Undergrad: 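Have a look at this one.
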2 protein chains.
Amino acid sequence: MTNKALQEERTRSYFIEATKEILKGEGSKALSVRNIAERAGYSYATLYNYFKDQTELVSLSVLEFKDECRDTVNKSFRKSDPGLEEIKGIVKAYISYFVQYPGVFDLFYIEKLASKSVNDEVINFLDTLCQEDWDYLMSIQHFTIEEVVGIRSILNKSVIGVLLSYLKRGTPSEYSAFVKEIDLLLENVLKK
Amino acid sequence: MTNKALQEERTRSYFIEATKEILKGEGSKALSVRNIAERAGYSYATLYNYFKDQTELVSLSVLEFKDECRDTVNKSFRKSDPGLEEIKGIVKAYISYFVQYPGVFDLFYIEKLASKSVNDEVINFLDTLCQEDWDYLMSIQHFTIEEVVGIRSILNKSVIGVLLSYLKRGTPSEYSAFVKEIDLLLENVLKK
DNA sequence: TCAATATTATTAACAGTGTTAATTTTATGC
DNA sequence: GCATAAAATTAACACTGTTAATAATATTGA
């Protein structure tokens, strides 16, 4: 019965939306089954009629955050020509997203995810956002394949590191210094 | 009475040792007040007669792990001449320590620490281990001050990133690939 | 040595967590 | 309207950190 399936999907979405709200707001530390259920308008045990456990709900949220992050990056940095400047813009917009939602950073890079496929999708996400630009830079022979492999690796890892330091250790303490650090980093990593 | 102070210090050390054992073994996820106390041979509430709360115990553990990590790095990489090769050795030994004790990585870079001073000590730790080498490289004019500032930043952040990816996301999945990635990274970051 | 005191360690309790089983409420088909 | 199927709920269990009140031990003074 398709009517039943529709209702079920609606109820599931209430739980997912509640989970996302808490993760974006108070963060994963404040997430709890009872907290989610209350916000969704159900009792805590009802959640288990629709989801295996809490981690499934978190994994589903991660996938939606991934889409949201991609949209944010695409909008905030209006696609100019492909190349180094676009990579810089993408990286900055990507970083801005996690500064706005630190709880989502935890999900992407720290918390244990239920599904291995979600895990892999997330860890390569930033790199895939820049795929076209790297292809372009190789096509015009600005970089060799070997250079691109090395630079991509450094870029991806140092972006994760700079975010972890800022969000979890408050280093640097000022946001302006953080922005400067990123500019310096991009300048040095992407130079020939 | 110095006898009393001695006994108190001994009891404190039992709790600290128990905490360190759990953190190195099962990790911070398995850490609990009752778990620590049981291993220390006391009841759970006794802990609060010697420490403000669990976070104080964790902060004290972090400081001891810091010393242990420094010793490990100094021993495993027998100090040759200062310079690029020594930096590579230090970084590799540093990374190895956290691969051996993933729970300690969590404490250093992820978990909220009670004391801000401990926080700052930890985040700059790798960089301070290489201090002499950077000074040397500038003294022989292998790098300029500006170059060193940029390279240090990239090195520190990308080491954190590469560790986070490997320990928390299992990327790369093979240890041999992980080692290769680090070699490539060091090669590219430290080149002129 | 024995009672009074000070110190140390313990149990009980509270509010919170994830999860499961049993139960109650609601909706459906005849 | 009634029996049945579905959905939502409460009760319970084993955990968590932390505090207050109690029990056990050690120390002191006479």
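Note that the structure is a prediction, hence the values are computed from the model and not measured. Reminder, nothing fancy here: chain letters follow the sequence lines and each chain counts from 1.
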Undergrad: Gln7(A) CD to dA27(C) C1': how many Å, rounded?
TA: 10 Å

Undergrad: So for atom CD1, which belongs to Ile145(A), do other residues, nucleotides or ligands contribute more than 12 heavy atoms lying within a distance under 6.0 Å?
TA: no

Undergrad: Would you say the side-chain atoms of Ser153(B) pair up with the backbone N or O of Val149(B), donor to acceptor, closer than 3.5 Å?
TA: no

Undergrad: Report yes or no: does Asn188(B) contribute a side-chain atom to a donor-acceptor pair with the main-chain N or O of Leu184(B) at less than 3.5 Å?
TA: yes

Undergrad: For the pair made of CD in Glu38(A) and P in dG16(C), what is the distance, rounded to whole Å?
TA: 11 Å

Undergrad: Grab the CZ-P distance between Arg10(A) and dA7(D) for me, whole Å please.
TA: 14 Å

Undergrad: Any Lys/Arg nitrogen of Arg39(B) or Glu17(B) sitting under 4.0 Å from an Asp/Glu carboxylate oxygen of the other?
TA: no

Undergrad: Are there over 12 heavy-atom neighbours, none belonging to Glu187(B), within less than 6.0 Å of that residue's CD?
TA: no

Undergrad: In terms of ring plane angle, is the pair Phe98(B) and Phe108(B) parallel, tilted or perpendicular, where the classes change at 30° and 60°?
TA: perpendicular

Undergrad: Can you name the residues that form a side-chain hydrogen bond (donor to acceptor under 3.5 Å, both in side chains) with Glu181(B), not counting sequence neighbours?
TA: Lys157(A)

Undergrad: Do Arg34(B) and Tyr44(B) form a cation-pi contact, if we require the NZ or CZ to be under 6.0 Å from the six-membered ring centre and within 45 degrees of the ring's axis?
TA: yes

Undergrad: Atom CG of Leu6(B) to atom P of dT8(C): distance rounded to whole Å?
TA: 13 Å

Undergrad: With the threshold set at under 4.0 Å for non-hydrogen atoms, list the residues of residues 41-51 of chain A touching DNA chain D in residue-number order.
TA: Tyr42(A), Ser43(A), Tyr44(A), Ala45(A), Thr46(A), Asn49(A), Tyr50(A)

Undergrad: Name the pairs: protein N/O against N/O of nucleotides 14-16 of chain D, kept only if under 3.5 Å.
TA:
unit_1  : atom_1 : unit_2   : atom_2 : d
dT16(D) : OP1    : Ser32(B) : OG     : 3.1

Undergrad: How many Å lie between CD on Glu56(A) and C1' on dT19(C), as a whole number?
TA: 15 Å

Undergrad: Roughly, in whole Å, what's the span from CZ in Arg12(B) to C1' in dT8(C)?
TA: 15 Å

